[in-house]
Every structure is written in C-alpha cells, then in structure tokens.
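Side chains included, hydrogens not; waters and symmetry mates left out as well; all remaining heavy atoms used.
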Amino acid sequence: MKKFTPRPGFTVLAHKLALDPNATANRHLHSHGGAARAAYNWAVAYITAVWRQRKAEQSYGIPQDELTAWRSWSLPSLRKAFNEDKRTNARFAGWWEENSKEAYNTGLANASAAFDNYAKSKSGKRKGPKMGIPRFKSKHKARLTCRFTTGTIRIEPDGRHITLPRIGTVRLHEKRADLRALIDAGNMRILSATVRRDRGHWFVAFQVEQQHEPVKVSRPDAAAGIDLGIKTLAVLADSDGVLGKEPNPRHLDRALKQLRRASRIVSRRQGPDRRTGQRPSRRWEKANQARNTIHHRVANLREDTLHKMTTRLASEYGTIVVEDLNVAGMGRPGACPAASRMPRSARSDASSPTKPVGTAHDSSSPTAGTPPRRPAPAAVW
C-alpha cells in the first residue's frame with residue numbers, strides 16, 4: 001500500500017477527543033467495536049485452521065506437495081474470503097449488515113498485521129520481543145475499537161458534535177470550535193477517525209493533515225536536559241546552570257487507601273472462576289467497576305502531570321534533551337538499591353509507562369495512540 005505523503009507545509013497529526021454518546025450512539029459504537037473483534041477472531045480461525053490441518057496431514061505421512069494449500073493473510077485476501085463467507089456463516093449472516101464495512105475491515109487489518117508481525121519475528125526480521133501466534137480476543141477483555149477511513153467523517157459546524165458513518169451524530173464532551181475553524185479555513189483535513197473505548201469512556205482520534213505552524217518559545221536559544229529518576233519524577237538543568245526538580249506526585253500512594261477498601265469489597269463478592277466455569281455475580285461486577293474507576297483516576301492524573309510538565313518545557317526551551325534510560329527497569333525490586341528501599345507504589349508512580357500526551361478529554365500529538373517510554377512527547381525533537 002502506498003504511504004500517504006502530506007502536502008508541502010502540512011504535517012500529519014492526531015486529535016483525541018472524548019465523546020458523550022447517547023443511548024443509541026452508545027449501542028452503535030459497541031456494535032461496531034464488537035464487529036471488529038468478531039472479524040479479527042474469524043481471520044485468526046481462518047488462517048490457523050490450515051496450519052492445524054497441514055500439521056495433521058504431515059503426521060499421516062501425506063507428501064509435501066499434496067498438503068492443503070496455505071492461506072494468505074494479506075488484507076485483500078482476508079477481505080475477499082470474509083465477504084464470501086459472511087452471507088452464509090451463521091455467526092454473521094443475521095447481523096453483519098447492521099454495521100459499517102469499516103468495522104470488519106478494522107478487525108481484518110489488525111489480524112493481517114498480527115500475522116505479519118509473527119512471521120517477521122519468527123524469521124528474525126522484526127526487532128524486539130518475540131511475537132507469538134495471534135490468539136482470539138475475549139469478549140470481556142478485548143478493547144473495543146473501530147477505524148473509519150471512508151464515508152461521512154466530519155466535525156459539525158457547532159463544534160460540539162461529530163458525524164461518523166452508520167453511527168450518526170455523536171456529542172463531544174467538550175466543544176472544539178477551534179478544530180472546525182481550521183477545517184473551514186482550509187488549514188486542516190480529516191483523513192480518518194478511530195473510535196475506542198478506554199477506561200470506561202468512548203474517545204475518537206482524528207488523524208488529520210494540518211498546516212504546520214511553528215511554535216514560539218520564550219527562550220529559543222536556551223537548552224534543557226532532563227534526568228529521569230525514581231524519588232523525583234525528573235531533574236532539570238538548563239544551559240544557564242539553573243537546576244530544578246519535578247517532584248514525584250505519587251498518585252498511586254494517595255489512592256492506596258481507597259484501593260484497599262475497594263479490593264476488600266470485591267473479594268467478598270462471588271467472582272469468576274475459570275476452573276469451575278462460575279460466572280461473576282452482578283454485585284461483583286459492580287464492585288469491580290468501582291475499583292477500576294480508582295485505577296482509571298490514577299492513570300488520568302499521571303497523564304495530566306506529564307502533559308503539564310512537557311507542555312511547560314516545550315513552550316520555554318528551544319532544545320530539550322532527555323536521557324535514554326530504562327526507568328521502568330530501575331523500578332523493579334533489586335535493580336536499583338535506592339528503589340528497593342522505596343514502597344512499591346512509589347516505584348510504580350515513578351516508572352509507570354506513559355500514555356499519549358493530553359488531559360482526560362483531549363490530546364493532539366503526532367504519536368497519539370502509541371505510549372512513549374519517556375515523558376517528553378509534547379516537545380518537538
């Protein structure tokens with residue numbers, strides 16, 4: 001597939017916005033996310049069925065040239081096979097027309113990428129940890145997501161609603177008339193939209209082609225170095241010799257009392273048991289959701305802290321240098337003597353992987369959707 005190249009003077013950015021869907025829109029969003037998961041699981045079963053069949057045939061002594069032919073996991077091949085099967089497959093025949101074709105394409109594209117990563121990892125062409133064979137996504141654990149690349153994708157003139165294919169108009173959590181103004185002025189064009197349910201809320205990430213506007217900083221000739229730490233979030237030193245410290249807010253420490261109480265309540269409810277097939281009670285699900293809300297708040301506070309720090313530094317210094325250090329590794333017990341004497345919650349606060357820059361409701365970053373390992377994504381490198 002040909003790589004998209006922005007026009008001269010433009011760059012590709014992402015704007016992540018929180019949604020406030022009504023009951024109808026919420027049902028459609030869940031349906032599209034579930035359809036993407038179902039298409040992904042279909043693709044995994046479609047490809048791995050041939051692998052198991054060939055392995056069984058080899059055990060029977062069938063010659064290599066007579067084995068069942070391989071199935072391609074390229075996106076066009078998966079899409080063609082799925083379109084032929086969805087009308088007769090009992091799993092899809094009754095409801096596949098209710099969702100946009102983009103929902104199924106999202107699942108098939110993710111499955112194609114997963115098999116491609118597995119093949120490249122097995123052959124040594126892919127760096128990083130070894131990738132295993134793609135597995136099925138659980139209905140209760142999978143994160144609902146769907147990507148739209150065609151159809152009606154727009155921000156409404158009031159700046160408070162968006163329109164997505166087959167889903168319709170959805171209300172935004174915050175008014176974004178500034179984005180609509182950029183579109184009306186011809187300085188921004190929407191390329192795609194990805195809806196995702198994260199931490200109990202729906203978000204949409206617009207991938208846009210936006211005119212590049214140089215950011216003015218207060219001290220363009222000054223440089224700053226950032227040293228990440230455990231006891232302190234970061235130590236700053238600029239070219240003028242001024243030192244500064246960013247204290248570790250330890251959001252998890254402050255929430256431990258609430259977490260302990262919520263965890264005790266969960267432990268007193270009838271939870272799921274894989275060994276016996278026991279399903280959780282409604283009271284357990286309600287208590288578990290209350291506990292997850294505390295975890296979500298801690299994660300949002302961490303994002304907010306990093307966003308404020310990185311935005312302040314990016315608006316002040318012309319050059320920012322960050323050390324390449326595995327802070328998450330330092331936070332493990334025994335890896336750092338100073339860290340081993342700290343409470344586990346404090347190590348977790350200091351070394352937790354960060355999410356894309358932004359508050360709980362909006363972020364604009366070229367790398368939105370990929371969690372960086374160092375807290376400086378608001379700066380231009």
State, to 0.1 Å, how close [X] and [Y] come at their nearest heavy-atom pair, and which atoms those are.
X	Y	value
P129	R126	O-NH1, 4.0 Å
A114	Y40	CB-OH, 4.0 Å
L75	S112	N-OG, 3.5 Å
I47	S72	CD1-O, 3.6 Å
V217	A314	CG1-O, 3.1 Å
R302	L252	NH2-CB, 3.8 Å

For residues H173 and W202, establish whether the separation of their ring centroids is below 6.0 Å.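 H173 vs W202: aromatic centres not under 6.0 Å.
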Does [X] use its side chain to pair, donor to acceptor, with the backbone of [Y] at less than 3.5 Å?
X	Y	result
R71	Y46	yes
R312	H307	no
R297	T293	no
R160	L172	yes
E57	T68	yes
N41	K137	yes
D240	V242	no
R166	E98	yes
T305	L301	yes
S121	N117	no

What distance do [X] atom [atom1] and [Y] atom [atom2] have between them, rounded to the nearest 0.5 Å?
X	Y	atom1	atom2	value
N99	E97	CG	CD	10.5 Å
L108	F82	CG	CZ	6.0 Å
N292	L259	CG	CG	10.0 Å
I294	L256	CD1	CG	10.0 Å
H161	D20	NE2	CG	9.5 Å
F206	L17	CZ	CG	6.0 Å

Taking the inter-plane angle between the rings of F92 and Y104 on a 0 to 90° scale, is it parallel (under 30°), tilted (30 to 60°) or perpendicular (over 60°)?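 Ring orientation of F92 relative to Y104: perpendicular.
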When you look at R219 and D238, which way does the side chain to side chain contact (heavy atoms under 4.5 Å, CB included) test go after all the steps? CA-CA 11 Å; R219 301 168 62 189; D238 60 18; 3.5 Å; yes
Can you tell if the side chain of [X] reaches within under 4.5 Å of the side chain of [Y], non-hydrogen atoms only?
X	Y	answer
L313	I226	yes
L29	L144	no
N105	R147	no
N89	R91	yes
I162	L19	yes
H32	V195	no
H28	L164	no
H201	H296	no

Linking I/L/V/M/F/W/Y whenever any side-chain heavy atoms sit under 4.5 Å apart, do [X] and [Y] land together?
X	Y	answer
F136	W51	yes
V322	V235	no
M309	Y317	yes
I155	F10	no
L78	Y118	yes

So, using side-chain hydrogen bond (donor to acceptor under 3.5 Å, both in side chains) as the criterion, who are the partners of R154 when residues are at least two apart?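 Expected list: E156.
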Side chains of N83 and K86: donor-acceptor distance under 3.5 Å anywhere?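 Yes, because at least one side-chain N or O of N83 sits under 3.5 Å from a partner of the opposite role on K86.
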D178 and R176 ion-paired at < 4.0 Å: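 Here D178 pairs with R176 in a salt bridge, since their nearest N and O are under 4.0 Å apart.
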Could you check R279 against Q270 for side chain to side chain contact (heavy atoms under 4.5 Å, CB included), going step by step and ending with a plain yes or no? CA-CA 8 Å; R279 299 180 64 86; Q270 181 178 319; over 6 Å; no
Is there a side chain to side chain contact (heavy atoms under 4.5 Å, CB included) between R171 and N22? Walk through the geometry before answering. CA-CA 8 Å; R171 179 182 172 88; N22 55 23; over 6 Å; no
Does the Lys NZ or Arg CZ of K16 fall within the cation-pi geometry relative to F203 - under 6.0 Å from the ring centre and within 45° of the axis?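 Checked: cation-pi criterion met.
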Just do the side chain to side chain contact (heavy atoms under 4.5 Å, CB included) check on K286 and R282 with the steps written out, would you? CA-CA 6 Å; K286 183 178 180 180; R282 291 184 179 273; over 6 Å; no
Suppose we screen for salt bridge (charged side-chain N to carboxylate O under 4.0 Å, His left out). Which residues come up paired with E209, at least two apart in sequence or across chains?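 Per chain and number, E209 pairs via salt bridge (charged side-chain N to carboxylate O under 4.0 Å, His left out) with R7, R189.
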